[in-house]
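Here is the structure we will look at, set down as C-alpha coordinates.
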Amino acid sequence: MSEKSQSGDNTPVIGTVIAVQANYYQVQLQGVPGIDRPVEQLLCTRRSRLKKLGQQVMVGDQVVVEEPDWLGYRGAIATIFPRQSQLQRPPIANVNQILLMFALAEPKLEPQQLTRFLVTAESTNLPIILCFNKRDLTPYATQRAWRDRMKQWGYDPILISLQTQVGLKRLERPLKNRITVVSGLSGVGKSSVINHFIPDVDLRVGPVSQRWGQGRHTTRHVELFELANGGYLADTPGFNQPNLDILPQQLSHCFPEIRQRLLQAQCQFSDCQHVDEPNCVVRGSWERYPYYLSLLTEVNEQQAKIKMTAIPESRTKQKSGKQGKTQAEPKLETKRYRRPSRRQLQQDLQNIDLEQLEHLS
Ligand SMILES: Nc1nc2c(ncn2[C@@H]2O[C@H](COP(=O)(O)OP(=O)(O)OP(=O)(O)O)[C@@H](O)[C@H]2O)c(=O)[nH]1
Ligand SMILES: [Mg+2]
Ligand SMILES: [Zn+2]
(Lines give C-alpha, C1' and ligand atoms only; values in the text may rest on other atoms or scores of the structure.)
(Ligands and ions follow the chains in the order given, each with its own letter.)
Protein backbone atom coordinates (compact mmCIF):
# COMPACT_ATOMS: atom_id res chain seq x y z
CA MET A 1 0.00 0.00 0.00
CA SER A 2 1.51 3.37 -0.91
CA GLU A 3 1.57 6.28 1.50
CA LYS A 4 -1.24 8.06 -0.28
CA SER A 5 -3.66 5.26 0.33
CA GLN A 6 -3.24 5.23 4.10
CA SER A 7 -6.50 5.43 5.96
CA GLY A 8 -5.68 8.96 7.11
CA ASP A 9 -5.67 10.32 3.54
CA ASN A 10 -8.98 11.99 2.87
CA THR A 11 -8.19 13.71 -0.42
CA PRO A 12 -11.33 13.75 -2.62
CA VAL A 13 -11.52 10.97 -5.22
CA ILE A 14 -13.34 10.59 -8.56
CA GLY A 15 -15.52 7.65 -9.44
CA THR A 16 -18.56 6.30 -11.27
CA VAL A 17 -21.85 5.54 -9.56
CA ILE A 18 -22.56 1.88 -10.30
CA ALA A 19 -25.67 1.31 -8.18
CA VAL A 20 -28.27 3.29 -6.28
CA GLN A 21 -30.13 1.78 -3.35
CA ALA A 22 -32.40 4.03 -1.27
CA ASN A 23 -30.17 7.00 -0.40
CA TYR A 24 -26.91 5.17 -0.84
CA TYR A 25 -24.69 5.18 -3.86
CA GLN A 26 -22.08 2.58 -4.70
CA VAL A 27 -19.16 4.36 -6.33
CA GLN A 28 -16.46 2.57 -8.32
CA LEU A 29 -13.29 4.62 -7.96
CA GLN A 30 -11.30 5.67 -10.95
CA GLY A 31 -7.85 4.18 -10.92
CA VAL A 32 -4.95 6.60 -10.62
CA PRO A 33 -1.53 5.44 -11.85
CA GLY A 34 0.89 5.10 -8.94
CA ILE A 35 -1.80 5.15 -6.29
CA ASP A 36 -2.79 1.87 -4.76
CA ARG A 37 -6.06 2.23 -2.89
CA PRO A 38 -7.17 -0.18 -0.19
CA VAL A 39 -10.63 -0.52 -1.77
CA GLU A 40 -12.07 0.01 -5.24
CA GLN A 41 -15.57 0.95 -4.16
CA LEU A 42 -17.08 3.24 -1.56
CA LEU A 43 -20.63 3.32 -0.28
CA CYS A 44 -21.61 6.96 -0.38
CA THR A 45 -24.27 9.37 0.77
CA ARG A 46 -25.08 12.59 -1.03
CA ARG A 47 -23.99 15.94 0.43
CA SER A 48 -26.99 17.94 1.63
CA ARG A 49 -25.91 20.79 -0.63
CA LEU A 50 -26.73 18.57 -3.64
CA LYS A 51 -30.07 17.69 -2.06
CA LYS A 52 -30.89 21.38 -1.61
CA LEU A 53 -30.02 22.04 -5.24
CA GLY A 54 -32.33 19.18 -6.17
CA GLN A 55 -29.46 17.35 -7.85
CA GLN A 56 -30.20 13.64 -8.11
CA VAL A 57 -27.43 11.13 -8.41
CA MET A 58 -27.93 8.57 -11.17
CA VAL A 59 -26.23 5.30 -11.97
CA GLY A 60 -23.55 6.20 -14.50
CA ASP A 61 -22.79 9.59 -12.98
CA GLN A 62 -19.19 10.68 -12.67
CA VAL A 63 -18.80 12.10 -9.19
CA VAL A 64 -16.34 13.58 -6.72
CA VAL A 65 -16.35 11.76 -3.39
CA GLU A 66 -15.19 13.77 -0.41
CA GLU A 67 -13.76 12.53 2.84
CA PRO A 68 -13.25 8.93 1.79
CA ASP A 69 -13.19 6.72 4.86
CA TRP A 70 -10.91 3.93 3.70
CA LEU A 71 -11.51 1.74 6.71
CA GLY A 72 -15.28 2.05 6.74
CA TYR A 73 -15.54 2.07 2.90
CA ARG A 74 -17.68 5.19 3.09
CA GLY A 75 -17.72 8.61 1.49
CA ALA A 76 -19.94 11.53 0.52
CA ILE A 77 -20.73 12.59 -3.03
CA ALA A 78 -20.02 16.29 -3.26
CA THR A 79 -20.09 17.01 -7.00
CA ILE A 80 -21.77 15.46 -10.04
CA PHE A 81 -19.99 16.09 -13.32
CA PRO A 82 -22.22 17.29 -16.20
CA ARG A 83 -23.90 14.37 -17.96
CA GLN A 84 -23.16 13.55 -21.59
CA SER A 85 -26.39 11.61 -21.93
CA GLN A 86 -29.29 10.49 -19.81
CA LEU A 87 -31.37 7.43 -20.53
CA GLN A 88 -34.79 7.26 -19.00
CA ARG A 89 -35.39 3.53 -19.23
CA PRO A 90 -33.29 2.22 -17.65
CA PRO A 91 -32.32 5.40 -15.76
CA ILE A 92 -28.58 5.62 -16.47
CA ALA A 93 -26.39 8.64 -17.13
CA ASN A 94 -23.49 8.85 -19.59
CA VAL A 95 -24.42 5.76 -21.57
CA ASN A 96 -22.24 5.64 -24.70
CA GLN A 97 -24.04 2.95 -26.66
CA ILE A 98 -26.70 0.26 -26.72
CA LEU A 99 -25.88 -3.37 -27.30
CA LEU A 100 -29.07 -4.69 -28.83
CA MET A 101 -29.09 -8.45 -28.54
CA PHE A 102 -31.29 -10.89 -30.36
CA ALA A 103 -30.99 -14.63 -30.89
CA LEU A 104 -30.92 -16.31 -34.31
CA ALA A 105 -33.23 -18.93 -32.79
CA GLU A 106 -34.91 -19.72 -29.47
CA PRO A 107 -36.65 -17.33 -29.37
CA LYS A 108 -37.36 -17.13 -33.10
CA LEU A 109 -35.96 -14.02 -34.78
CA GLU A 110 -38.97 -12.00 -35.95
CA PRO A 111 -38.15 -9.04 -38.21
CA GLN A 112 -41.07 -6.93 -37.05
CA GLN A 113 -40.27 -7.40 -33.39
CA LEU A 114 -36.60 -6.73 -34.07
CA THR A 115 -37.62 -3.52 -35.83
CA ARG A 116 -39.54 -2.39 -32.78
CA PHE A 117 -36.48 -2.86 -30.57
CA LEU A 118 -34.23 -1.20 -33.14
CA VAL A 119 -36.55 1.82 -33.38
CA THR A 120 -36.69 2.13 -29.59
CA ALA A 121 -32.90 1.98 -29.43
CA GLU A 122 -32.53 4.46 -32.31
CA SER A 123 -34.86 6.91 -30.56
CA THR A 124 -32.22 7.43 -27.85
CA ASN A 125 -29.81 8.76 -30.51
CA LEU A 126 -27.09 6.56 -29.07
CA PRO A 127 -24.96 4.34 -31.32
CA ILE A 128 -26.26 0.78 -31.60
CA ILE A 129 -24.28 -2.43 -31.69
CA LEU A 130 -26.54 -5.12 -33.11
CA CYS A 131 -25.62 -8.60 -31.95
CA PHE A 132 -27.20 -11.94 -32.84
CA ASN A 133 -26.53 -14.73 -30.38
CA LYS A 134 -27.03 -18.52 -30.53
CA ARG A 135 -25.19 -19.12 -33.77
CA ASP A 136 -24.87 -22.74 -32.66
CA LEU A 137 -28.58 -23.23 -33.24
CA THR A 138 -28.66 -22.16 -36.89
CA PRO A 139 -26.98 -23.36 -40.10
CA TYR A 140 -24.39 -21.13 -41.67
CA ALA A 141 -26.64 -20.27 -44.65
CA THR A 142 -29.28 -18.84 -42.29
CA GLN A 143 -26.67 -16.79 -40.47
CA ARG A 144 -25.48 -15.39 -43.77
CA ALA A 145 -29.00 -14.58 -44.89
CA TRP A 146 -29.62 -12.60 -41.70
CA ARG A 147 -26.34 -10.77 -42.00
CA ASP A 148 -27.16 -9.76 -45.59
CA ARG A 149 -30.66 -8.75 -44.63
CA MET A 150 -29.37 -6.55 -41.81
CA LYS A 151 -26.99 -4.85 -44.23
CA GLN A 152 -30.05 -3.93 -46.32
CA TRP A 153 -31.59 -2.44 -43.19
CA GLY A 154 -28.44 -0.41 -42.55
CA TYR A 155 -26.83 -2.49 -39.78
CA ASP A 156 -23.70 -4.58 -39.51
CA PRO A 157 -24.51 -7.26 -36.95
CA ILE A 158 -22.02 -9.19 -34.86
CA LEU A 159 -22.94 -12.86 -34.85
CA ILE A 160 -21.93 -14.80 -31.76
CA SER A 161 -22.58 -17.92 -29.76
CA LEU A 162 -22.07 -17.86 -26.05
CA GLN A 163 -22.47 -21.59 -26.02
CA THR A 164 -19.61 -22.31 -28.42
CA GLN A 165 -17.76 -19.05 -27.66
CA VAL A 166 -17.73 -17.93 -31.28
CA GLY A 167 -17.47 -14.30 -32.40
CA LEU A 168 -16.91 -12.91 -28.92
CA LYS A 169 -13.59 -11.25 -29.72
CA ARG A 170 -15.34 -9.01 -32.24
CA LEU A 171 -17.80 -7.96 -29.58
CA GLU A 172 -15.17 -7.30 -26.94
CA ARG A 173 -13.47 -4.46 -28.79
CA PRO A 174 -16.36 -1.98 -29.06
CA LEU A 175 -17.26 -2.47 -25.39
CA LYS A 176 -13.90 -1.29 -24.10
CA ASN A 177 -13.93 1.93 -22.06
CA ARG A 178 -17.58 2.60 -22.75
CA ILE A 179 -20.80 2.43 -20.79
CA THR A 180 -23.00 -0.01 -22.68
CA VAL A 181 -26.60 -0.87 -21.95
CA VAL A 182 -27.47 -4.41 -22.99
CA SER A 183 -31.05 -4.61 -24.17
CA GLY A 184 -33.20 -6.98 -26.18
CA LEU A 185 -35.92 -9.56 -26.12
CA SER A 186 -36.24 -11.91 -23.18
CA GLY A 187 -34.19 -15.10 -23.41
CA VAL A 188 -31.72 -13.95 -26.08
CA GLY A 189 -28.69 -14.13 -23.79
CA LYS A 190 -28.23 -10.64 -22.31
CA SER A 191 -27.34 -11.88 -18.84
CA SER A 192 -25.25 -14.67 -20.38
CA VAL A 193 -23.13 -12.19 -22.32
CA ILE A 194 -22.47 -10.13 -19.19
CA ASN A 195 -21.55 -13.30 -17.30
CA HIS A 196 -19.16 -14.17 -20.09
CA PHE A 197 -17.31 -10.86 -19.99
CA ILE A 198 -17.54 -10.43 -16.22
CA PRO A 199 -17.60 -13.93 -14.69
CA ASP A 200 -17.61 -12.58 -11.09
CA VAL A 201 -21.04 -11.07 -11.62
CA ASP A 202 -22.86 -14.40 -11.98
CA LEU A 203 -26.18 -12.96 -13.13
CA ARG A 204 -29.24 -15.11 -13.10
CA VAL A 205 -29.56 -16.84 -16.47
CA GLY A 206 -32.31 -18.92 -17.98
CA PRO A 207 -36.05 -19.18 -18.09
CA VAL A 208 -36.49 -17.97 -14.51
CA SER A 209 -35.14 -14.55 -15.37
CA GLN A 210 -38.08 -14.08 -17.69
CA ARG A 211 -40.41 -14.22 -14.73
CA TRP A 212 -38.07 -12.06 -12.73
CA GLY A 213 -37.99 -9.49 -15.48
CA GLN A 214 -41.60 -8.74 -14.82
CA GLY A 215 -41.03 -8.43 -11.09
CA ARG A 216 -40.83 -5.06 -9.46
CA HIS A 217 -37.37 -5.32 -8.11
CA THR A 218 -35.52 -6.48 -11.19
CA THR A 219 -37.16 -4.02 -13.52
CA ARG A 220 -36.12 -1.12 -11.32
CA HIS A 221 -32.77 -2.26 -10.08
CA VAL A 222 -30.10 -0.82 -12.30
CA GLU A 223 -26.47 -1.65 -11.90
CA LEU A 224 -23.27 -1.21 -13.86
CA PHE A 225 -20.74 -4.03 -14.01
CA GLU A 226 -17.12 -3.17 -14.66
CA LEU A 227 -15.29 -4.86 -17.52
CA ALA A 228 -11.78 -6.07 -16.81
CA ASN A 229 -10.30 -3.92 -19.62
CA GLY A 230 -12.27 -0.80 -18.72
CA GLY A 231 -15.87 0.16 -19.38
CA TYR A 232 -19.18 -0.92 -17.92
CA LEU A 233 -22.12 -3.12 -18.92
CA ALA A 234 -25.68 -2.67 -17.66
CA ASP A 235 -28.12 -5.56 -17.80
CA THR A 236 -31.77 -4.85 -18.45
CA PRO A 237 -34.67 -7.17 -17.85
CA GLY A 238 -35.98 -8.59 -21.09
CA PHE A 239 -39.42 -7.62 -22.24
CA ASN A 240 -41.35 -8.56 -25.34
CA GLN A 241 -42.93 -5.32 -26.47
CA PRO A 242 -41.06 -2.10 -25.76
CA ASN A 243 -43.33 0.94 -25.59
CA LEU A 244 -42.68 3.38 -28.36
CA ASP A 245 -42.17 6.60 -26.45
CA ILE A 246 -41.62 8.62 -29.57
CA LEU A 247 -43.17 11.41 -31.62
CA PRO A 248 -44.46 10.74 -35.16
CA GLN A 249 -41.97 13.21 -36.65
CA GLN A 250 -39.10 11.38 -34.91
CA LEU A 251 -39.98 7.98 -36.31
CA SER A 252 -38.40 8.39 -39.72
CA HIS A 253 -35.04 9.24 -38.07
CA CYS A 254 -35.13 5.81 -36.44
CA PHE A 255 -34.84 3.98 -39.76
CA PRO A 256 -31.36 4.01 -41.39
CA GLU A 257 -33.05 3.31 -44.75
CA ILE A 258 -35.05 6.54 -44.47
CA ARG A 259 -32.07 8.57 -43.24
CA GLN A 260 -30.13 7.31 -46.23
CA ARG A 261 -32.90 8.24 -48.69
CA LEU A 262 -33.26 11.70 -47.22
CA LEU A 263 -29.53 12.29 -47.56
CA GLN A 264 -29.81 11.75 -51.30
CA ALA A 265 -33.06 13.60 -52.03
CA GLN A 266 -35.81 15.60 -50.35
CA CYS A 267 -39.53 15.09 -50.09
CA GLN A 268 -41.67 17.92 -51.48
CA PHE A 269 -43.09 18.72 -48.03
CA SER A 270 -40.74 19.32 -45.12
CA ASP A 271 -43.25 17.69 -42.74
CA CYS A 272 -43.84 14.71 -45.03
CA GLN A 273 -44.84 11.61 -43.07
CA HIS A 274 -43.99 9.49 -46.11
CA VAL A 275 -47.44 7.96 -46.46
CA ASP A 276 -49.31 9.27 -49.51
CA GLU A 277 -47.93 12.77 -49.94
CA PRO A 278 -46.95 13.73 -53.51
CA ASN A 279 -43.28 13.55 -54.48
CA CYS A 280 -42.22 11.60 -51.43
CA VAL A 281 -38.76 10.10 -51.80
CA VAL A 282 -39.15 7.66 -48.92
CA ARG A 283 -42.26 5.74 -49.96
CA GLY A 284 -41.23 2.68 -51.90
CA SER A 285 -40.79 -1.03 -52.03
CA TRP A 286 -37.98 -1.35 -49.49
CA GLU A 287 -38.43 -4.20 -47.02
CA ARG A 288 -39.27 -2.38 -43.82
CA TYR A 289 -41.51 0.30 -45.32
CA PRO A 290 -44.67 -1.58 -44.19
CA TYR A 291 -43.23 -1.72 -40.64
CA TYR A 292 -42.61 2.01 -40.79
CA LEU A 293 -46.24 2.59 -41.78
CA SER A 294 -47.62 0.42 -39.02
CA LEU A 295 -45.41 2.04 -36.36
CA LEU A 296 -46.39 5.46 -37.71
CA THR A 297 -50.07 4.61 -37.25
CA GLU A 298 -49.31 3.50 -33.71
CA VAL A 299 -47.38 6.63 -32.70
CA ASN A 300 -49.97 8.88 -34.37
CA GLU A 301 -52.74 7.19 -32.37
CA GLN A 302 -50.67 7.52 -29.23
CA GLN A 303 -50.21 11.24 -29.90
CA ALA A 304 -53.93 11.70 -30.45
CA LYS A 305 -54.63 10.04 -27.09
CA ILE A 306 -52.11 12.27 -25.30
CA LYS A 307 -53.72 15.34 -26.86
CA MET A 308 -57.15 14.15 -25.72
CA THR A 309 -56.04 13.81 -22.11
CA ALA A 310 -54.41 17.25 -22.28
CA ILE A 311 -57.80 18.88 -22.95
CA PRO A 312 -59.30 19.65 -19.50
CA GLU A 313 -62.87 18.55 -20.41
CA SER A 314 -61.67 15.16 -21.49
CA ARG A 315 -60.13 14.60 -18.06
CA THR A 316 -63.40 15.11 -16.23
CA LYS A 317 -66.36 12.85 -16.08
CA GLN A 318 -69.94 14.00 -15.74
CA LYS A 319 -71.48 13.30 -12.36
CA SER A 320 -75.15 13.74 -11.48
CA GLY A 321 -75.38 16.38 -8.77
CA LYS A 322 -78.27 17.54 -6.62
CA GLN A 323 -81.49 18.40 -8.44
CA GLY A 324 -80.36 16.44 -11.46
CA LYS A 325 -77.58 18.93 -12.31
CA THR A 326 -74.46 17.42 -13.74
CA GLN A 327 -71.09 18.41 -12.38
CA ALA A 328 -67.66 17.80 -13.74
CA GLU A 329 -65.49 15.56 -11.57
CA PRO A 330 -61.90 14.68 -12.27
CA LYS A 331 -61.44 11.18 -13.57
CA LEU A 332 -59.00 8.97 -11.73
CA GLU A 333 -57.87 7.19 -14.79
CA THR A 334 -54.15 7.05 -14.37
CA LYS A 335 -52.33 5.92 -11.26
CA ARG A 336 -50.22 9.03 -11.34
CA TYR A 337 -53.04 11.24 -10.12
CA ARG A 338 -53.99 8.99 -7.22
CA ARG A 339 -52.61 9.53 -3.77
CA PRO A 340 -50.68 6.37 -2.80
CA SER A 341 -51.69 4.59 0.39
CA ARG A 342 -49.46 4.80 3.46
CA ARG A 343 -48.67 1.11 3.13
CA GLN A 344 -47.73 1.55 -0.49
CA LEU A 345 -45.51 4.48 0.41
CA GLN A 346 -43.69 2.36 2.94
CA GLN A 347 -43.27 -0.42 0.43
CA ASP A 348 -41.90 2.06 -2.05
CA LEU A 349 -39.38 3.57 0.33
CA GLN A 350 -36.65 1.27 -0.85
CA ASN A 351 -37.14 2.36 -4.42
CA ILE A 352 -37.71 6.00 -3.78
CA ASP A 353 -34.54 7.30 -5.34
CA LEU A 354 -35.03 5.32 -8.51
CA GLU A 355 -38.61 6.55 -8.69
CA GLN A 356 -37.37 10.11 -8.53
CA LEU A 357 -34.76 9.38 -11.13
CA GLU A 358 -37.35 8.07 -13.50
CA HIS A 359 -39.30 11.30 -13.19
CA LEU A 360 -36.21 13.39 -13.57
CA SER A 361 -36.16 13.94 -17.27
N1 LIG B 1 -27.99 -22.58 -27.50
C2 LIG B 1 -27.61 -21.47 -26.90
N3 LIG B 1 -28.23 -21.06 -25.77
C4 LIG B 1 -27.81 -19.92 -25.19
C5 LIG B 1 -26.75 -19.14 -25.72
N6 LIG B 1 -26.60 -18.05 -24.94
C7 LIG B 1 -27.51 -18.15 -23.95
N8 LIG B 1 -28.24 -19.27 -24.08
C9 LIG B 1 -29.33 -19.73 -23.21
O10 LIG B 1 -30.46 -18.90 -23.40
C11 LIG B 1 -31.22 -18.80 -22.20
C12 LIG B 1 -31.51 -17.35 -21.86
O13 LIG B 1 -30.31 -16.69 -21.54
P14 LIG B 1 -30.27 -15.37 -20.62
O15 LIG B 1 -28.86 -14.91 -20.60
O16 LIG B 1 -30.94 -15.61 -19.33
O17 LIG B 1 -31.18 -14.40 -21.51
P18 LIG B 1 -31.63 -12.91 -21.15
O19 LIG B 1 -31.59 -12.15 -22.42
O20 LIG B 1 -30.83 -12.38 -20.02
O21 LIG B 1 -33.14 -13.16 -20.70
P22 LIG B 1 -34.04 -12.20 -19.78
O23 LIG B 1 -33.29 -11.94 -18.52
O24 LIG B 1 -35.29 -13.00 -19.61
O25 LIG B 1 -34.29 -10.97 -20.56
C26 LIG B 1 -30.39 -19.51 -21.14
O27 LIG B 1 -30.93 -20.80 -20.97
C28 LIG B 1 -29.01 -19.60 -21.75
O29 LIG B 1 -28.28 -20.69 -21.27
C30 LIG B 1 -26.11 -19.60 -26.92
O31 LIG B 1 -25.20 -19.01 -27.49
N32 LIG B 1 -26.61 -20.76 -27.48
MG1 LIG C 1 -31.40 -11.59 -18.11
ZN1 LIG D 1 -41.82 11.71 -47.75
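Atoms within each ligand, like the ligands themselves, are counted from 1 in listed order.
- Looking at Asn300 and Gln273, their side chains do bring a donor and an acceptor atom within 3.5 Å of each other.
- Side-chain rings of Phe117 and Phe102 approach one another, their centers coming within less than 6.0 Å.
- Both tests do not hold together for Arg37 against Trp70: distance to the six-membered ring centre under 6.0 Å, angle to the ring axis within 45°.
- Taking a cutoff of 4.0 Å between a charged side-chain nitrogen and a carboxylate oxygen, Arg283 and Asp276 do not qualify as a salt bridge.
- Residue Leu162 holds the heavy atom nearest to atom 31 (O) of ligand 1 of all those in Leu162, Asn195, Leu104.
- Gln62 and Thr16 are linked by a side-chain donor-acceptor pair at a separation below 3.5 angstrom, with hydrogens and angles left out of the test.
- If you look at Asp136 next to ligand 1, the close heavy atoms, those under 4.0 Å, all belong to the side chain.
- Polar contact check, Asn133 against ligand 1: a nitrogen or oxygen pair lies under 3.5 Å apart.
- At least one N or O atom of Ser186, backbone or side chain, sits closer than 3.5 Å to an N or O atom of ligand 1.
- Residue Leu137 approaches ligand 1 through these ligand atoms, each under 4.0 Å from one of its heavy atoms: 1 (N).
- The Mg ion (ligand 2) has Ser191 among its coordinating residues (N/O/S atom, backbone or side chain, under 2.8 Å).
- Counting only non-hydrogen atoms, the option in Lys190, Lys134, His196, Gln163 that gets closest to atom 11 (C) of ligand 1 is Lys134.
- With respect to the salt-bridge test (charged N to carboxylate O, under 4.0 angstrom), the residues Glu298 and Arg116 qualify.
- When the Zn ion (ligand 3) is compared with the N/O/S atoms of His274, atom ND1 turns out nearest.
- A salt bridge does not link Arg74 with Glu67: none of the charged nitrogens is closer than 4.0 Å to a carboxylate oxygen.
- Seen from the Zn ion (ligand 3), atom SG of Cys280 and atom SG of Cys267 lie 110° apart in angle, a value rounded to 10°.
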